Visitor: 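Okay, handing you the structure first.
It should be emphasised that the depicted structure is a prediction, and the values quoted were computed from it without experimental measurement.
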Amino acid sequence: MSLAKRLFGGAAATVLAAVGAVAVNAGTASAADCGYLFDDFHYTSSADPALTANGWTPRSYQGGPGVPGATWSPNAVTFPTDGGQKVLQLTASTDGTAAGTSHAELYSTQKRYLEGTYASRVRFTDTPVSGSDGDHINQTFFTISPLNGDLDPTYSELDISEYLPNGGWGETGPINYQTTWYTYRNEPWLADNLHSEQRSSLNGWHDLVAQVANGHVVYWIDGVQVGDHGGMYFPRQTMTINWNLWFIDTAAHTGGQSTYIEQVDWMLFAKNQVLSPAQVSSQTSSYRTAGTRFTDTVATSGPCTNPSPSNPQPSNPSPSVPNPPAGDCSSAPAWQFSSVYTGGNTVRHERSRYGDPSGPKSGDGVHLWKARYWTQGSEPGWTQQWEDLGRC
């Protein structure tokens, strides 16, 4: 999460049981390969050239979230061996002062991830590895886009897990959140989001999965569905993938220096595919069995999509209100990032190469695209919200 403080402005989503129905179109073992990012985190240090070559950046810039004036250092990102496996480790410590507080974060350098399945095996910790316990520490796995001004309607953020073992934001711990953001304003504070929560300890290793497709974000922990968020909260633009470890405040600190860790065993992103938690485990095992420590075919696999859902979100709220007529390549307008489109609207656009509309073009040429349902800020060619009608 990128915010220095947090209040939930949206409604809490209902937490679903493991037997609850999945609202997105579930993938199958034979689903088309639309591109994968997999990393087993076999690096020597945050200065390992392979880390940046593979698209990761250890955070060094200062600022929020968390304790104002705290340090964010690449040295807080390490890669020890745990249980015979190399892992990503984030380390954060505090002595109760801003100058004595350090945070850690690793994030993807490119903002190119939108629909598909996000997964990571993460070890949360309830107690510090040294020092007194009780700090308001936040242990996370999330995706995020920049906020382009207060209440930016295209802002997108998925907090797949934010684990607070000792509480914070007025809550006692342990508590874990999944939060899907529409937008926010810092001053005066206003948040617009949906969230689910679990009020129990998550100390130890957990498989975290978020399925982002067909207008829904479905969250899972260890194969149990814990949230289903949708509507206007569905992400509207590409995001980065992130893990960070930071102190919400120092109000609960006692004693000298306390040090906490969060570890990550692996991560997987399947572009434009809905993988079940079991399929995520199978895919990860296949990579490891083959000795694959890293692979990235997200940019090179093309903009393939899942088949249309059997019960998609209706394009029209009422059958008495027809869709606007679809234009062709000569009459359809060029796609605009900030414009709102509804089901049936058509646009002309050449998709970007990496999922960043301000970045280089793909070289595929201009295509005609038709919106399947309401959308804003989602680039044609990188999201199932748009149907490709062919090259102009």
Visitor: Any chance you could lay out the side chain to side chain contact (heavy atoms under 4.5 Å, CB included) test for N242 and F141, step after step, and finish with the verdict?
Guide: CA-CA 6 Å; N242 312 249; F141 171 42; over 6 Å; no
Visitor: Test question: given the 4.5 Å side-chain rule for I, L, V, M, F, W and Y, name all other residues clustered with V129, or answer none.
Guide: I261
Visitor: Shortest non-hydrogen contact from S46 to L51?
Guide: O-CD2, 3.7 Å
Visitor: Of all residues at least two apart in sequence or in a different chain, which pass the side-chain contact (heavy atoms from CB on, under 4.5 Å) check with T254?
Guide: S132
Visitor: Indicate the atoms forming the closest heavy-atom contact of P380 with R351, along with that distance.
Guide: O-CB, 3.4 Å
Visitor: Are Y184 and W189 an aromatic pair by the rule of ring centers under 6.0 Å?
Guide: yes
Visitor: Please check this pair: side chain of T240 against backbone of K111, looking for a donor-acceptor N/O pair closer than 3.5 Å.
Guide: no
Visitor: Sequence neighbours left out, what pairs pass side-chain hydrogen bond (donor to acceptor under 3.5 Å, both in side chains) with at least one residue falling in residues 79-100?
Guide: Q89-Q263, S93-S102, T94-T101, D95-T97
Visitor: Got K370 and N345 here, is their nearest side-chain heavy-atom distance under 4.5 Å?
Guide: no
Visitor: Of the non-hydrogen atoms in S145 and Y155, which two are nearest, and what is the gap between them?
Guide: O-CE1, 3.1 Å
Visitor: Could you work out, with side-chain contact (heavy atoms from CB on, under 4.5 Å) as the rule, every residue matching T57, not counting sequence neighbours?
Guide: Y107, T109
Visitor: I want to check something: taking the side chain as every heavy atom from C-beta on, are P333 and R348 in contact at a cut-off of under 4.5 Å?
Guide: no
Visitor: Take S161 and F124, measure what side chain to side chain contact (heavy atoms under 4.5 Å, CB included) needs, and give me the verdict at the end.
Guide: CA-CA 10 Å; S161 265; F124 297 125; 3.9 Å; yes
Visitor: Does H195 offer a backbone N or O that forms a donor-acceptor pair with the side chain of T179 under 3.5 Å?
Guide: no
Visitor: List for me each residue that meets ring-ring contact (aromatic ring centres under 6.0 Å, His included) alongside H367, sequence neighbours excluded, and say none if there are none.
Guide: W369
Visitor: Could you check if a side-chain atom of S362 sits within less than 4.5 angstrom of a side-chain atom of E350, using non-hydrogen atoms only?
Guide: yes
Visitor: Does the S45 side chain pair with the main chain of A47, one donor and one acceptor, at a distance under 3.5 Å?
Guide: yes
Visitor: Before giving the answer on side chain to side chain contact (heavy atoms under 4.5 Å, CB included), spell out for L194 and W181 the whole-Å C-alpha distance, their side-chain angles and the decisive distance to 0.1 Å.
Guide: CA-CA 7 Å; L194 292 176; W181 289 82; over 6 Å; no
Visitor: Once the angle between the rings of Y177 and W169 is folded into 0 to 90°, is it parallel (under 30°), tilted (30 to 60°) or perpendicular (over 60°)?
Guide: tilted
Visitor: Which pairs count as ring pair (Phe, Tyr, Trp, His ring centres under 6.0 Å) when at least one residue sits in residues 248-268, sequence neighbours excluded?
Guide: F247-Y260
Visitor: Look up atom CD in Q211 and atom CG in L275, then write down how far apart they are to the nearest 0.5 Å.
Guide: 8.0 Å
Visitor: Going by an N to O cut-off under 4.0 Å, is there a salt bridge joining K271 and E115?
Guide: no
Visitor: Calculate, to the nearest 0.5 Å, the distance between atoms NE2 and NE2 belonging to H216 and H229 respectively.
Guide: 11.5 Å
Visitor: For A119 versus V280, what's the shortest heavy-atom pair and its separation?
Guide: CB-CG1, 3.5 Å
Visitor: Is there a continuous path of hydrophobic side-chain contacts, each under 4.5 Å between heavy atoms, that joins M267 to W205?
Guide: no
Visitor: Tell me whether V366 shares a hydrophobic cluster with V347, the cluster being built from Ile, Leu, Val, Met, Phe, Trp, Tyr side chains joined at under 4.5 Å.
Guide: no
Visitor: Taking it one step at a time, do T140 and L245 satisfy side chain to side chain contact (heavy atoms under 4.5 Å, CB included)?
Guide: CA-CA 6 Å; T140 77; L245 181 65; over 6 Å; no
Visitor: Look at the side chain of S281 and the backbone N and O of P277, then say whether any donor-acceptor pair between them is shorter than 3.5 Å.
Guide: yes
Visitor: Among residues at least two apart in sequence or on other chains, which ones pass salt bridge (charged side-chain N to carboxylate O under 4.0 Å, His left out) with D40?
Guide: R288
Visitor: Return yes if some donor-acceptor pair links the side-chain N/O of W72 with the main-chain N/O of G63 below 3.5 Å, else return no.
Guide: yes
Visitor: So, the side chain of D222 versus the backbone of D207: is there a donor-acceptor pair under 3.5 Å, distance only?
Guide: yes
Visitor: Identify, with sequence neighbours excluded, every residue that meets salt bridge (charged side-chain N to carboxylate O under 4.0 Å, His left out) alongside D296.
Guide: R112
Visitor: Would you indicate whether the side-chain heavy atoms of L114 and Q237 approach each other to under 4.5 Å?
Guide: no
Visitor: CD/E379 to CH2/W386 distance, rounded to the nearest 0.5 angstrom?
Guide: 11.0 Å
Visitor: Side chains of L164 and I248: does their closest heavy-atom pair fall under 4.5 Å?
Guide: yes
Visitor: Side chain of E162, backbone of Q139: donor and acceptor closer than 3.5 Å?
Guide: no
Visitor: Under 4.5 Å between any side-chain heavy atoms of Q283 and L268, yes or no?
Guide: yes
Visitor: Can you tell me how far apart CZ (F142) and CG (L208) are? Round to the nearest 0.5 Å.
Guide: 13.5 Å
Visitor: A side-chain contact here means heavy atoms from C-beta on lying under 4.5 Å apart; do Y163 and N138 qualify?
Guide: no
Visitor: What heavy-atom pair brings T180 and Y233 nearest, and what distance separates the two atoms?
Guide: CG2-O, 3.1 Å
Visitor: How long is the gap from CG on N244 to CG on L106, to the nearest 0.5 Å?
Guide: 10.0 Å
Visitor: With ring pair (Phe, Tyr, Trp, His ring centres under 6.0 Å) as the test, would you mind laying out the steps for F294 and H42 before giving the verdict?
Guide: CA-CA 8 Å; F294 175 84; H42 277 256; over 10 Å; no
Visitor: To the nearest 0.5 Å, what is the distance between CD1 on I144 and CG on L147?
Guide: 8.5 Å
Visitor: Is W56 reachable from V87 through a run of hydrophobic residues whose side-chain heavy atoms are each under 4.5 Å from the next?
Guide: no
Visitor: List the residues meeting side-chain contact (heavy atoms from CB on, under 4.5 Å) with T295, not counting sequence neighbours, and say none if there are none.
Guide: F38, Y287, T292, T297
Visitor: For S201 versus P174, what's the shortest heavy-atom pair and its separation?
Guide: N-CG, 3.5 Å
Visitor: Side-chain donor-acceptor pair under 3.5 Å between N166 and D133, yes or no?
Guide: yes
Visitor: Say whether, by atom type as modelled, one donor and one acceptor occur between the side chain of T71 and the main chain of S73 under 3.5 angstrom.
Guide: no
Visitor: For D249, check salt bridge (charged side-chain N to carboxylate O under 4.0 Å, His left out) against everything at least two apart and list the hits.
Guide: none
Visitor: Going by the rule ring-ring contact (aromatic ring centres under 6.0 Å, His included), which residues pair with F269 if we only count those two or more places apart in sequence or in a different chain?
Guide: Y113, Y118
Visitor: Do R185 and E187 sit within salt-bridge range, that is, some charged N less than 4.0 Å from a carboxylate O?
Guide: no
Visitor: Tell me the salt bridge (charged side-chain N to carboxylate O under 4.0 Å, His left out) pairs involving residues 45-71, sequence neighbours left out?
Guide: R59-E105
Visitor: Okay, side chain of R199, backbone of E197: is any donor-acceptor separation there less than 3.5 Å?
Guide: no
Visitor: Quick one: does any side-chain atom of S196 pair with a main-chain N or O of Q178 as donor and acceptor, under 3.5 Å?
Guide: no
